Amino acid sequence: MAGENELLTPAAAGKYLGGIPIDTLRWWRWRRTGPTFCRVGRRVMYRRADLEAFVKQGEVEMQEVAHAS
């Protein structure tokens, strides 16, 4: 499986997100605040596209501040 539909384990998802601990992902799932996840049987998995969407959701657009004279 490759591309945006690739399924990642919580450990791989945490690594993809820059080193987020598995316990943090577990906490986010419990609070329903983290990236979208799916269950494959009893296993929790994350789609790469959902992780990318989660990161994009947190982006902050920087704008130049006009200085008034």
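Basis for what follows: all heavy atoms, side chains included, without hydrogens, waters or symmetry-related copies. Values in this document were obtained by computation on a predicted structure and should not be read as measured data. The chain is numbered in sequence order, starting from 1.
- Once rounded to the nearest 0.5 Å, the distance linking CZ of Arg43 with CG of Leu7 reads 9.5 Å.
- Contact of the Tyr46 side chain with the Arg29 side chain is registered, since non-hydrogen atoms from C-beta on lie closer than 4.5 Å.
- Leu51 and Trp27 fall within a single hydrophobic cluster, where Ile, Leu, Val, Met, Phe, Trp and Tyr are joined by side-chain heavy atoms under 4.5 Å apart, directly or via other members.
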Walk me through whether Glu52 and Tyr16 qualify under side-chain contact (heavy atoms from CB on, under 4.5 Å). CA-CA 9 Å; Glu52 290 171 4; Tyr16 181 83; 3.0 Å; yes
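- For the residue pair Val44 and Arg39, the shortest heavy atom distance occurs at CG2-NH1, 3.3 Å.
- Between Phe54 atom CZ and Trp28 atom CH2 the span is 4.0 Å, to the nearest 0.5 Å.
- Distance CH2/Trp30 to CG/Leu25: 16.0 Å, rounded to 0.5 Å.
- Here NZ of Lys15 is found 12.0 Å from CD1 of Ile22. Values are rounded to the nearest 0.5 Å.
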Derivation of the side-chain contact (heavy atoms from CB on, under 4.5 Å) call for Arg48 and Leu8: CA-CA 7 Å; Arg48 185 179 301 274; Leu8 303 174; 3.9 Å; yes
